[in-house]
Amino acid sequence: MADWSDEVSRRWGRRLLARTYQPGRMRAVTLREGPPRAEHLDPELPRAVLRWTGVQWKLVKVVPDLAAAKRLMRPRKAGPEPW
């Protein structure tokens, strides 16, 4: 097995991050005490909606619950009616 140099590792890491965190990506963070938890837990708690700028996460808006965060992050697009 060939050894990976530091440069190869850095290039691979940059490509991985470029695919994973593309500018414009959004996420909702539950505003609560303690460590982060899965989004489906405590759906009634307020959320901070963040957008990735390519360098850091920027606050977009604070919303009252999970449903409002999902509506903000994934607006319904015009198109055919679902079945």
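Considering every non-hydrogen atom in both Ala48 and Leu59, the closest pair reads CB-CD1, 3.9 Å. Residues Arg47 and Leu66 share a closest heavy-atom pair of NH2-CB, 3.8 Å. The nearest pair of heavy atoms linking Gly24 to Arg51 is O-NH1, 3.6 Å. Scanning both residues, Ala28 and Ala69, for their nearest heavy atoms gives CB-CB, 3.9 Å.
To the nearest 0.5 Å, atom CZ of residue Arg11 and atom OG of residue Ser5 are 6.5 Å apart.
Every salt bridge (Lys or Arg N to Asp or Glu O under 4.0 Å) that Arg10 has, sequence neighbours left out, goes to Glu7. Arg32 is linked by a side chain to side chain contact (heavy atoms under 4.5 Å, CB included) to Thr30, Arg37, Asp42, Leu45, counting only residues two or more places apart in sequence or in another chain. For Lys70, the salt bridge (Lys or Arg N to Asp or Glu O under 4.0 Å) partners two or more places apart in sequence, or in a different chain, are Glu39.
The other residues sharing a hydrophobic cluster with Leu72 are Met26, Val49, Val60, Val63, Met73, where clustering joins ILVMFWY side chains under 4.5 Å apart.
Within the structure, every pair that satisfies the ring-ring contact (aromatic ring centres under 6.0 Å, His included) test and touches residues 49-80, not counting sequence neighbours, is listed here: Tyr21-Trp52, Tyr21-Trp57, Trp52-Trp57. A ring-ring contact (aromatic ring centres under 6.0 Å, His included) check over residues 30-51, counting only residues at least two apart or in different chains, returns nothing.
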